[in-house]
Structures are given as C-alpha cells and as structure tokens.
There are 2 protein chains.
Amino acid sequence: MQTERQIQIIEESIKLIALKGIQGFTIKNLSKAIGISEPAIYRHFESKTAILVAILDSFKEMAGMMSSLPFDEEQPAVEKIAFIFFRMLDVFTEQPTIIPIVFAEEIFKNDNMLKEKINEIQNLNLQKIETIIEQGQEAGNVRQDIDKSSLAIIFLGSFRLLIKRWDLNNYNFDLKEEGTKLVNSFKLIL
Amino acid sequence: MQTERQIQIIEESIKLIALKGIQGFTIKNLSKAIGISEPAIYRHFESKTAILVAILDSFKEMAGMMSSLPFDEEQPAVEKIAFIFFRMLDVFTEQPTIIPIVFAEEIFKNDNMLKEKINEIQNLNLQKIETIIEQGQEAGNVRQDIDKSSLAIIFLGSFRLLIKRWDLNNYNFDLKEEGTKLVNSFKLIL
DNA sequence: ACAAAGTTAGTTAATGTTCGCTAACTTATG
DNA sequence: CATAAGTTAGCGAACATTAACTAACTTTGT
C-alpha cells in the first residue's frame with residue numbers, strides 16, 4: 001500500500017520527467033515541486049531508483065488491467081481492438097504526462113532492472129493484441145494473409161507514433177479525433 | 001568539415017548514449033572511451049551540447065539523403081516505400097547504436113534546440129512517405145479508402161516499433177527477416 | 001488516567017562524488 | 001618556431017544521500 005505522500009511523489013516525478021526529461025528528474029527539483037526538503041523525500045522512498053521502480057510498477061499494473069479486460073468471446077476482433085485503443089486514448093488524454101515515460105524506454109537504459117520492467121509492460125500489451133487477432137483469425141473475422149505478430153506490431157506501433165507525435169507537438173491536435181481515424185483504418189485493414 | 005578526431009568523438013558519443021543512456025554520456029566517460037583526457041575533448045568541440053548538435057546534424061543529413069532519393073515516377077508507391085524501408089533496415093543493421101537516439105526524442109527534452117532538430121528529422125521522413133502515398137493514390141496504385149496521413153503513420157510507426165524492439169531485446173532476432181515480413185504486410189495493405 | 005517510550009515526518013547542515021569546463025603548461029608536427 | 005593537440009590540476013556547481021536533531025502524534029505500561 002502506498003501512502004498519500006508516496007503517491008504524490010510518484011505523480012510529481014512523472015510530471016518532472018515528462019516536462020524536463022530524465023535529467024530534470026532530480027531530488028532537488030522533486031522536493032521543490034512538492035514543497036518539502038530534499039531529505040524528507042527519503043522518509044518515503046529509500047532511493048531515487050525506488051521511485052522509478054514505483055512508477056514503472058504503477059504502469060505495469062495499468063497495463064495488466066488493460067490486458068485482462070473481460071471480453072465477450074463472441075465479439076469480433078475488430079471490436080475488441082477498437083475498445084482497447086479507445087480506452088488507451090482516454091487514459092492518455094486524461095494523463096498526458098505519462099506518455100514520455102511509457103513510450104521512452106531509453107530513459108531507463110541505465111538500470112537493468114528498470115529496462116526489464118519496461119520490456120515486460122510492452123510485451124504484455126503486444127501479446128494481448130496478438131491473442132485477440134489470433135482468435136479473430138480462427139473465427140474467420142480477421143484476414144489471414146498477414147501474420148498475427150505483424151498485425152499486432154502494425155497496430156501498436158502506429159498507435160504509439162500517433163500518441164508520441166501528439167505529445168511532441170504540444171497536444172496541438174485533437175488526439176481522440178486522430179485516434180479514431182487511425183482505429184477506423186485498422187478496421188479497414190483487418 | 002569535420003576532423004578525424006571530431007568524427008571519432010561523435011561516434012563514441014553515439015555509442016555511449018546507446019549503451020548507457022543520456023545520463024551515461026559524460027565528458028569523463030567519453031574521454032575514457034577515446035583514450036584522451038577530458039580537457040582534450042574541448043580542443044575539438046566547444047561544449048557538450050555542441051557534440052549533441054553535431055550528432056543530430058549528421059542524422060538530419062542522413063534523413064535528408066533518404067528523403068531525396070531520386071525515384072522513377074512511374075514506379076508504383078509500393079515499390080518506392082519498400083525501397084526506403086529496406087534501405088533503413090540496412091542502415092540500422094550496420095549501425096545499431098544510432099537506434100536509441102533516432103527513436104528516442106525524449107532524450108533531448110532538456111534543450112529546445114535539440115528537440116526541434118529531432119522533430120524536423122521525424123517530419124522529414126513522415127512527409128516523404130506521405131508524398132509517395134499521395135502520388136500512388138492519384139495514380140491509382142494505392143487504396144483510397146484510408147487517408148494518406150494514416151497510412152504514413154501506420155508504416156513508419158510499426159517500422160519504428162519493430163526496430164526499437166530489436167534494440168531493446170539485444171538484437172536477438174533477425175531484423176532483416178522480420179523487417180521484410182513487415183514490409184510484405186505493407187504491400188498487402190496498400 | 002497519565003507519563004514514558006516510540007513513531008512519523010519534517011528540518012538544517014554536511015557528506016563524498018561527479019558534473020562540465022578552464023587555466024597553465026607540455027609535447028609533437030610541419 | 002609556431003601551431004595543434006595533448007597533459008595535470010583544479011574550479012564552482014550540482015548530484016544523491018546521510019547525520020543529527022525536533023516537533024507532533026500514537027502506543028504502551030502502570
């Protein structure tokens with residue numbers, strides 16, 4: 001369980017990284033953002049790395065929730081995939097600060113444990129989509145001339161690029177609109 | 001024009017960033033990798049930022065070359081796009097160290113000028129592909145029910161994800177093989 | 001009921017290390 | 001002999017973290 005202060009530290013850390021990059025994520029900047037002294041941070045996390053671990057764990061939890069959505073098996077793959085992506089669009093529009101972290105694995109290249117965690121999260125998402133496509137191909141509602149793994153990479157990859165561009169261009173277009181356009185393209189492709 | 005030493009510094013910097021992340025890119029690490037003292041670096045670049053600028057400029061030059069390939073106008077869009085992606089596959093297999101930099105804009109979030117440069121490079125690539133698709137749609141050899149911008153994002157996005165995964169998984173699969181598979185899927189989609 | 005003991009969450013001051021970078025000097029080269 | 005390219009020594013600033021202490025609560029023993 002996390003205390004209120006711990007949650008606050010995690011949230012401010014995410015904001016800091018989103019805004020200033022991993023190099024701007026210092027205990028000094030963090031404590032300033034929260035309004036307590038630097039050593040006070042260490043009453044709630046034993047190290048800076050521990051904060052990063054907590055951030056990634058919260059992301060993993062989120063990814064886990066996303067990938068364990070209880071779908072009606074009868075539903076065509078197109079619908080399931082559209083549902084997942086729309087859900088993600090909601091999450092990112094509500095909390096745009098997580099984008100640079102979720103999609104920037106290189107940030108954690110320093111630490112092997114963190115790198116592993118990021119990789120796990122990515123695989124979780126990719127596999128979920130692959131499974132849905134597989135089921136669709138078996139049920140005959142998804143084209144079979146393209147491999148399920150290729151289709152999964154195509155969907156997730158293009159979705160990631162769209163979201164990253166939205167972030168990089170200071171949210172200057174309507175993500176939900178463009179996202180819907182993209183997902184509709186997915187429907188035409190499947 | 002760049003001296004031999006400057007080129008060496010740029011190359012070692014890229015390697016360092018690829019291996020240790022932006023936080024591992026320090027003048028100390030750099031000078032150690034090259035085998036000279038720290039102040040000697042400053043005989044060749046006036047600051048650390050100047051090195052990063054030189055790196056991005058070399059990438060931009062590369063992207064410019066890629067996007068100014070003289071295509072036979074008669075050629076169908078599929079062929080042009082396949083050609084570009086195969087070319088990129090070659091570049092990345094030869095120099096895998098550039099991957100984490102080319103595809104990790106967040107690294108440069110600190111500095112606005114660097115951020116701009118990265119954005120420019122990305123737009124260059126995206127626009128080139130969009131133009132090719134547009135020509136293909138006009139010539140009637142590309143489907144018209146999906147917007148050219150969506151198609152461009154789909155191709156570039158999935159390609160990026162594939163390459164990033166190759167990097168993140170320590171090059172443990174055959175990139176050219178998987179890349180060819182993906183490009184063949186593009187052909188089926190177009 | 002109440003004082004002693006312990007916990008929590010903060011403070012200021014200071015630790016050793018690393019950062020990018022500079023000054024002053026030396027060596028190698030044409 | 002002048003210039004380019006290196007050296008050693010050291011700068012101030014920032015880094016993550018620790019030490020020592022304190023005020024405000026909570027728990028415990030009688």
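Protein chains get the first letters and strands the later ones, always in sequence-line order, with residue 1 at the start of each. Being a predicted model, the structure only gives us computed values, none of them experimental.
A donor-acceptor pair is defined here as one N or O able to donate and one able to accept, closer than 3.5 Å; such a pair exists between the side chain of A:N184 and the backbone of A:T180. Of the possible polar contacts, none joining the B:S150 side chain to the B:I146 backbone as a donor-acceptor pair under 3.5 Å is found.
Using the six-membered ring where Trp is involved, B:F85 and B:F155 have ring planes that are perpendicular, over 60° apart on the 30 and 60° scheme.
Remark: B:Q137 engages B:I133, B:V142, B:Q144, B:K148, B:L151 in a side chain to side chain contact (heavy atoms under 4.5 Å, CB included) (not counting sequence neighbours). Among residues two or more places apart in sequence or in another chain, the salt bridge (Lys or Arg N to Asp or Glu O under 4.0 Å) test is passed with A:E12 by A:K15. Scored by the side chain to side chain donor-acceptor pair (under 3.5 Å) test, B:D90 finds B:K176 as partners (sequence neighbours excluded).
A cation-pi arrangement is found for A:K48 relative to A:F25, the charged atom lying closer than 6.0 Å to the ring centre and inside a 45° cone about the ring normal.
Think of the region where chain B sits on DNA chain C: with heavy atoms and a 4.0 Å cut, that region ends 5' and 3' at C:dC19 to C:dC25.
Residue A:R143 places its CZ atom among more than 12 non-hydrogen atoms of other residues, nucleotides or ligands, all under 6.0 Å distant.
A distance of 6.5 Å separates CD1 of A:I154 from CD1 of A:I189, quoted to the nearest 0.5 Å.
Listed in residue order, the members of residues 6-15 of chain A having a heavy atom less than 4.0 Å from DNA chain D come to none.
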Encode nucleotides 11-22 of chain D as B, S and - characters from 5' to 3', where the letter depends on protein heavy atoms closer than 4.0 Å: B to the base, S only to sugar-phosphate, - to neither. ----SSBBBBB-

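A ring-centre distance under 6.0 Å is found for B:F103 and B:F92.
Not one side-chain nitrogen or oxygen of B:H44 sits closer than 4.0 Å to the OP1 or OP2 atom of D:dA4.
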